[in-house]
Amino acid sequence: MKLCYDLRAGVAVHHVKVKPRCAVLTMLKRLDKIRFRGPRIRDDFPELAESPPASDNECSDDMQLKPKAALRDTEDLQRDPAGSGSPTMAAAIQDFQRSESDRLNEVKGHLEIALLEKHFLQEELRKLREETNVDFLRQELEKERSRRIDLEQKMNETHRQRAENKCVWSSRLQKWLYERFGVYIEDFRFQPEESTVETEEPLSAKRLTENMRRLKRGARPVTNFLRNLSALSNWHSVYTSAIAFIIYMNAAWHGWAIPMFLFLAILRLSLNYLIARGWRIQWSIVPEVSEPMEPPKEDLTVSEKFQLVLDVAQKAQNLFGKMADVLEKIKNLFMWVQPESTRKLYICLWVTFITSCVMPYKLMGFMIGLYAGIKFFIIDFLFKSCPKLRDKYDTPYIVWNSLPTDPQLKERTNATVSRRVQPVVSRSSLAAVPCGVSREEETGRSHSTKKGAFHEIFNLPESERPLAVCENGWRCCLINRDRKMPTDYIRNGVLYVTENYLCFESSSSRSSSSKKNKVIKLVDITDIQKYKVLSVLPGSGMGISIATPSTQKPLVFGAMIHRDEAFEAIFTQYMKIMTTTKPPGSTEL
């Protein structure tokens, strides 16, 4: 509650104006906040956190507004003549005025103290800035930085000069080394390997013939050397072999086997030098046979060129086949394909290893040389002279011949699978077989081609089946020169031979009937011979000509890869039939 009064008249009026005292308390708290700075203020006055912040100017403005408000209140009291005028009210007003004046004086004192503190803090801040002297420190820092930059530049310059000196010395050293050892250094310089593609010469009959002759001439020394070794082992010349055996065993006994071989090599080179100088020196255990040299032909016919290519291809085929057999046998020996042979090699290697660790090398070399001489001159001679003895006791020979190649392994696997499948098939078909039917008849009945059962396709008895040599047939083409249409003139298919018939199954897929198949009785054949379709080509051809009474011109089965095998099988079976029966006629389906 606040009473309004008039300061000029000093007379109390009857109007009383109520004003809360919270504004005065808020002013005092703000002054205390300015007065007592520190963390203790929030503990003593927790409500200060809720009050809005105020500056010193705000406090002074409040104090300037308060007296004006009090003056207006006193003026209002003087204007209002209808006041109560009681002495009690006047005393209360005077007390209130004294209390307000005291409070105002107290507020003024606090303001003065706050101002003094403000000036004191400003002075302290100024002294602190002077003491720290930030500008001076910045200048010193810049000076130190410039000194560091100068030192770094000097160090870089020094390093650069040293590097230049090193480069000069290293260049001088490299130049000196290159002048002294440059040629040798160039030899050891690494260079990327250049992939050179060899130019292949086109196929030429003349070039092929020349290469064959060169190959024969180049292989002649090796062939003669191997022939002489074989003659020594076989005792072709008894005196020569005896002398060689005595010399070798004496050298091996005294540990001179290796020097002896080196001396023989030097002696052979010396003889070759004399031969190259024109001396006629010929030393050979087996006399050399000079093959007649055919004069080279300038122009070859097409047949001769083709025959030459076939001869070279045949030799290359046989050579590559032998090399493949040797490599496959070595592979199978080390891969335990045949455990019995590999086990012997395994035991032999262990015995050799233990012996080499225990025995001195000199004694071991003596034993190896002694065994090699006895093996080469005596044991091999006995084994070559007595094949039965070799088949029983020559272990390396037995092991090598027993090693299988990959085609042999494949054949063994197929045979094993067929043996496993055959009992199952016989048991399953046992109930359907009549009691009087033989095993051969049942096997013939079960044989079938790609289009069905064999006897059903050719309309033959069930006992007729292909021979063992042609179970899968021979692929060929039937040339019927009696026909005019191209589709009937040549037919591709498979040729079979049975005990009594020659059957041709056409492979044409345009008709499922058997009208294009051909069945010829062996007894109806009047002539059978090998046939060459094109006379221009060399060789005996790849066809078989068969004549029958029902055809004007012989039937030709051409383009047969295994022509000779098929001809032998057909001719053999034909001769068997001709010795027992007479040829009636042929049947065409």
Side-chain angles (χ1 to χ4, degrees), residues 418 422 425-426 428-430 432-480 482-483 488 490-528 543-551 554-558 560 562-563 565-589:
S418 62
Q422 185 176 0
V425 175
S426 61
S428 61
S429 59
L430 185 61
V433 177
C435 297
V437 178
S438 63
R439 181 177 296 178
E440 294 182 356
E441 294 177 353
E442 177 60 24
T443 307
R445 186 183 295 112
S446 62
H447 184 83
S448 61
T449 62
K450 294 181 179 180
K451 296 182 180 180
F454 184 83
H455 67 279
E456 293 178 357
I457 292 176
F458 297 103
N459 196 13
L460 297 176
E462 295 182 359
S463 60
E464 292 291 334
R465 65 181 182 87
L467 299 178
V469 72
C470 64
E471 288 184 353
N472 297 324
W474 299 293
R475 296 203 58 84
C476 63
C477 62
L478 173 60
I479 303 174
N480 191 352
D482 294 341
R483 302 296 177 89
D488 297 333
I490 298 177
R491 303 177 194 171
N492 294 322
V494 183
L495 182 64
Y496 298 94
V497 179
T498 65
E499 293 182 356
N500 300 304
Y501 296 91
L502 185 64
C503 305
F504 176 80
E505 180 185 4
S506 177
S507 60
S508 177
S509 59
R510 290 176 292 177
S511 177
S512 60
S513 63
S514 59
K515 293 182 179 180
K516 294 187 177 182
N517 296 334
K518 188 76 174 177
V519 177
I520 303 173
K521 287 185 178 181
L522 294 178
V523 295
D524 294 344
I525 296 175
T526 58
D527 185 23
I528 177 172
I544 299 175
S545 174
I546 295 176
T548 59
S550 62
T551 57
L555 299 174
V556 177
F557 297 93
M560 298 181 68
H562 304 283
R563 194 275 308 272
E565 178 184 356
F567 181 81
E568 292 294 333
I570 296 172
F571 187 77
T572 303
Q573 192 65 24
Y574 171 73
M575 294 303 295
K576 289 181 181 179
I577 296 297
M578 291 300 294
T579 55
T580 56
T581 59
K582 295 181 180 180
S586 63
T587 305
E588 184 175 356
L589 298 178

Side chain to side chain contact (heavy atoms under 4.5 Å, CB included) partners for Phe504, two or more places apart: Cys476, Leu478, Arg491, Leu495, Ser506, Lys518, Phe557
The criterion is side chain to side chain contact (heavy atoms under 4.5 Å, CB included); which residues satisfy it with Val497, sequence neighbours excluded? Leu467, Cys470, Trp474, Leu502, Ile570, Gln573
Min side-chain heavy-atom separation Thr526-Pro549 under 4.5 Å: yes
Do Cys503 and Leu460 have side-chain heavy atoms sitting under 4.5 Å apart? yes
Could you grab the distance from atom CD1 of Ile544 to atom CD1 of Ile528, nearest 0.5 Å is fine? 6.0 Å
Can you name the closest pair of heavy atoms from Gly543 and Arg563 and give their distance? O-NH1, 3.1 Å
Is the closest side-chain heavy-atom distance between Glu499 and Ser463 below 4.5 Å? no
Measure the OH-CD distance between Tyr496 and Glu505 for me, rounded to the nearest 0.5 Å. 5.0 Å
Just jot down the ring-ring contact (aromatic ring centres under 6.0 Å, His included) partners of Phe567, sequence neighbours excluded, or say none. Phe571
To the closest 0.5 Å, what do you measure between CD1 (Ile546) and OG1 (Thr551)? 10.0 Å
Looking only at heavy atoms, the pair that brings Leu522 and Thr498 closest together is CD1-O, 4.0 Å
Taking side chain to side chain contact (heavy atoms under 4.5 Å, CB included) as the definition, give me every residue that meets it alongside Glu568, ordered by chain and number, with sequence neighbours left out. none
Please lay out, stage by stage, how Leu555 and Ile520 fare under the test side chain to side chain contact (heavy atoms under 4.5 Å, CB included). CA-CA 11 Å; Leu555 299 174; Ile520 303 173; 3.6 Å; yes
Could I get the full list of side chain to side chain contact (heavy atoms under 4.5 Å, CB included) partners for Thr572, not counting sequence neighbours? Lys576
Can you tell me how far apart CD (Glu471) and CZ (Arg465) are? Round to the nearest 0.5 Å. 7.0 Å
Nearest heavy-atom contact between Val519 and Tyr501 is CG1-CD2, 3.6 Å
